[in-house]
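By convention in this document, chain letters (A, B, ...) are assigned in the order of the sequence lines, proteins followed by strands, and residues within each chain are numbered from 1.
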There are 2 protein chains.
Amino acid sequence: MATTIRQIASAAGVSVATASRALNGAPSVVDRTRERVLAAAALLDYTPSRLGRSLATGSTGNVGVILPDVTNPFYTSFLAELESVLGAHDRGILVGDSHESSEQERALIRRMSGQVDALVLASSRLPDADIVAAAARLPVVLANRLLDGDAGDRLELPERLAQITLDIEPAFAEAVRHLHALGHRSVAYLDGPPQSWSGRQKMRSLERACRELRMPLAVAATATPDFVGGRRALASIDLTHTTAIIAFNDEIALGLLSALRDAGVEVPARMSVIGCDDSLPEGLAWPSLTTVDSSARTLGALTAAAIVEPKPHHTATVPTRLVVRDSTAEASVLS
Amino acid sequence: MATTIRQIASAAGVSVATASRALNGAPSVVDRTRERVLAAAALLDYTPSRLGRSLATGSTGNVGVILPDVTNPFYTSFLAELESVLGAHDRGILVGDSHESSEQERALIRRMSGQVDALVLASSRLPDADIVAAAARLPVVLANRLLDGDAGDRLELPERLAQITLDIEPAFAEAVRHLHALGHRSVAYLDGPPQSWSGRQKMRSLERACRELRMPLAVAATATPDFVGGRRALASIDLTHTTAIIAFNDEIALGLLSALRDAGVEVPARMSVIGCDDSLPEGLAWPSLTTVDSSARTLGALTAAAIVEPKPHHTATVPTRLVVRDSTAEASVLS
DNA sequence: TTGAAAGCGCTAACAT
DNA sequence: ATGTTAGCGCTTTCAA
C-alpha cells in the first residue's frame with residue numbers, strides 16, 4: 001500500500017485534518033507546522049490518493065473524451081491539443097473510441113460518468129436527446145456539433161452544455177465560387193459518415209452555394225472517411241462528366257488523388273480536387289492540396305477552454321478559410 | 001447528486017449490503033430479493049459510483065497509457081487496439097502524451113498512479129531505474145522497450161513488469177541482405193529519437209548486418225520521427241555516394257520519398273528506400289514502399305493481453321518480416 | 001491554529 | 001439469505 005495521509009500526520013505529530021490543510025496550502029496553518037508536514041510527506045514519498053480526495057470533494061480532476069476514431073488524424077490533433085491544455089491544468093483524460101457507433105458512445109458515457117468532472121463529445125453520433133440527457137448529469141462539451149436548438153425549441157438546452165463548432169459555411173461557399181471562377185460548371189462531393197453533423201453542414205453549404213451559381217452537385221458516399229475510403233470512392237464517380245471534386249476531409253482527398261493517379265487522370269489538368277481540414281503536412285499530397293483550413297487544434301483549444309472556464313450555454317466557433325494550392329485549375333474541356 | 005446504493009436499498013426495502021450483493025450478482029441472494037433491487041435500480045436510473053467502489057475494493061478498473069506522441073500513427077494504432085480490447089473488458093483508459101520528454105512522463109506517472117490498476121508505457125523514454133520504481137508501485141507493461149536485464153543484473157526486475165517488444169533484428173538483417181543482393185554496397189540509415197530503445201535496436205541490427213556483408217553504414221538523424229522530419233533529413237544525406245536508405249519508420253520514409261521526388265531523384269531507379277512498420281495504407285506511398293512489417297496493432301493486442309491476464313515477469317515479442325514492394329531495386333551505377 | 005468526528009459511495013467480513 | 005458494522009483515503013464542518 002502507498003503512503004496515506006494518516007501516516008504523514010502521525011509522522012509529523014499532527015492530526016490528519018491539519019495534515020490535509022498543510023498539504024493543500026490552507027492559510028490557517030502556521031509555517032512551522034506546515035514545514036513539518038511537508039517534510040514528512042517528502043520523506044515518505046507521499047502521493048495523495050485521487051480516489052479518496054474525489055470521493056470527499058465530489059470532483060475527480062479528470063475529463064472524459066469520446067472520439068469516433070482515435071486513429072483519425074483530425075481527432076488525434078484535436079486530442080493532442082486538448083491533452084496539452086488540460087494536462088497543464090493538472091487534469092487527466094479518460095479516452096474512449098466509439099468507432100462511429102452511437103451504441104458504443106452511450107456505453108462509454110455510462111462507464112465514464114461518475115469518474116469524470118466533464119465530458120467532451122467530439123463529432124458525437126448520438127441523437128440530440130441522449131446528449132441532453134448526458135448534460136443533465138454532468139457538464140458536456142460538444143465539439144464539432146450543434147444541437148437543433150431551433151427545431152421548435154422542443155428540447156431545452158441544458159446550461160452546462162457547451163458547443164464548439166467549425167464555421168465551414170463561408171469557406172465551402174468560397175470553394176464553390178473558386179471552382180466556378182475557374183470555369184467548372186458542376187461539382188462532385190465525396191461525403192463522410194452519414195451520421196456526421198459536420199457532414200450535413202458541408203452538404204448544406206455546398207447545395208446552397210451551387211444553387212446560387214446554378215451548378216449541379218453530385219454526391220457520392222465513402223465507406224470510411226479516410227485514405228482507403230477516398231481511393232475506393234473514385235469508382236462511384238462519373239469521370240466522363242466530372243471536372244471537380246470536393247471531399248469531406250483531406251484524408252479522403254488524398255486517397256482520391258492516389259486513385260486518380262492510378263487511373264491516369266491528371267490533377268489538376270483534367271480534374272480539380274479540394275479537401276477539408278488542412279491537416280496534411282506540406283509535401284504529403286501531390287500535387288499540393290487546395291483545402292478548407294479548419295484547425296482541429298484550434299477546436300481542441302477552444303474545447304479545453306470551455307472545460308477550464310465553463311460558462312453557461314457556452315458556444316464558440318472556429319473560423320475557416322479556403323487555401324488555394326496546386327490541386328485546382330481551370331476546367332478541362334470535356335470531349 | 002446521482003442515485004446512491006442507499007436509496008436503492010431503502011426503495012427495495014433491504015440493507016445496503018444486500019443491495020450491493022444483488023447488484024453485483026452474488027449467488028447468495030434469493031431471486032425475489034434480487035428482482036426487487038434490480039427493479040429499484042432501474043426505476044431510479046442507478047449507476048454505481050466507480051469512485052466508491054474503487055476506494056472499497058482497491059481496484060479502479062482503469063489503466064493508464066502513456067505515449068510519446070498521440071499524433072503519431074504508430075501509437076494511435078497501438079492505442080486503438082489497446083482501447084478496443086480493454087474496452088471489451090469494461091476497463092477504461094487514462095491517456096497521457098509525454099511529448100517525448102522523460103520529465104513529462106514522470107509527471108504523468110505520478111498523476112496516474114493511484115487511480116489506475118496498471119500502467120502501460122509505450123516506447124518509454126525513462127531511465128531503467130524510474131521504470132523499476134514505477135513497477136514497484138503498480139503493475140507496468142512496457143511496450144516496445146526492454147530493460148537492460150543483462151547489465152550485470154544490477155537491478156532486479158520486478159515481478160509485475162511485463163515487456164512486449166518487436167523482434168526487428170531478423171527483418172532488419174534481411175533488409176540489408178536484400179539491398180546487398182540488389183548490388184548496393186553501402187547503406188544510409190535515418191534514425192529516430194535518440195532516447196528510443198527501438199531506435200538503438202535498429203541501429204545495432206543494421207551495424208551487425210552491414211559488418212557481416214562488409215558494407216559501410218552511414219547514419220543521419222531526424223529532428224522528428226515523422227513525415228516532416230523525413231523530408232528535412234534528405235539534406236543531411238550525401239546523394240552522390242548513396243544508393244539506398246533505410247528509415248526508422250514509414251513516416252520518415254514517406255517524407256524522404258517526397259523530398260527525393262522534389263529533388264528529382266528517382267525511386268527506385270536512382271535510390272532505394274526502405275521503411276519500417278508497414279503502417280501506411282496501400283497507395284499512400286509512391287512508389288509503394290518496401291518496409292519492415294511490425295504491427296503496432298499486434299503490439300497493442302499483446303500489451304492488452306498482458307494487462308488482462310497478468311503473468312509474473314511476462315515477456316512477449318511480435319515477429320516482423322521484410323515486405324518487398326516497389327521502392328527498392330538494383331543499385332544504380334554512380335558516376 | 002489545531003483536533004475530533006462525520007461522511008463521500010461502496011464492499012466485505014462477521015453475525016444472525 | 002440478509003443485516004450490522006467497519007473501513008477504503010480524503011476533506012470539512014464544528015469545537016476547542
Do A/Leu23 and A/Leu38 make a side-chain contact, defined as non-hydrogen atoms from C-beta onward lying under 4.5 Å apart? yes
OP1 or OP2 of D/dG9 versus the side-chain N and O atoms of A/Arg53: is any pair under 4.0 Å? no
Judged by nearest nucleotide, the residue sitting upstream toward the 5' end of DNA chain C, B/Gly52 or A/Ala19, is A/Ala19
A/Thr4 side chain near D/dG9 phosphate (N/O to OP1/OP2, under 4.0 Å): no
Under 4.0 Å, heavy atoms only, any strand: does B/Thr33 hit a base, just the sugar-phosphate, or nothing? sugar-phosphate
Just call it for A/Ser28: base, sugar-phosphate, or nothing, with non-hydrogen atoms closer than 4.0 Å on any strand. base
OP1 or OP2 of D/dT12 less than 4.0 angstrom from a side-chain nitrogen or oxygen of A/Thr57, does that happen here? no
For A/Gln115, does its backbone N or O pair with a side-chain atom of B/Arg50 as donor and acceptor, under 3.5 Å? no
Nearest to the side chain of A/Ala56, heavy atoms from C-beta on, is which of C/dG7, D/dG3, D/dT2? C/dG7
A/Gln115 CD - C/dG9 C1' separation (whole Å): 14 Å
Could you walk me through whether A/Ser123 and A/Tyr75 satisfy the side-chain hydrogen bond (donor to acceptor under 3.5 Å, both in side chains) test, starting with their C-alpha distance in whole Å, then the side-chain angles of each, then the deciding distance to 0.1 Å, before giving a yes or no? CA-CA 9 Å; A/Ser123 306; A/Tyr75 296 116; 2.7 Å; yes
Please lay out, stage by stage, how A/Arg145 and A/Leu121 fare under the test side chain to side chain contact (heavy atoms under 4.5 Å, CB included). CA-CA 9 Å; A/Arg145 159 118 184 225; A/Leu121 304 181; over 6 Å; no
If the cut-off is 4.0 Å, is A/Thr18 near the phosphate of C/dT2, judged by side-chain N/O to OP1 or OP2? no
For atom CD of A/Gln7 and atom C1' of D/dC8, their distance in whole Å: 13 Å
Would you say a side-chain N or O of B/Arg34 is under 4.0 Å from OP1 or OP2 of D/dA1? no
Check the phosphate of C/dA12 against B/Arg21, side-chain N and O only, distance under 4.0 Å to OP1 or OP2. Yes or no? no
Where the side chain of A/Ala17 is concerned, which of D/dG3, C/dA5, D/dT11 is the nearest nucleotide? C/dA5
Think B/Ser49 has a side-chain N or O under 4.0 angstrom from the OP1 or OP2 of C/dC10? no
B/Leu55 CG to D/dT11 C1', straight-line distance once rounded to whole Å: 13 Å
Phosphate OP1/OP2 of D/dT4: any B/Ser15 side-chain N/O under 4.0 Å: no
Side chain of A/Ser20, backbone of A/Val16: donor and acceptor closer than 3.5 Å? no
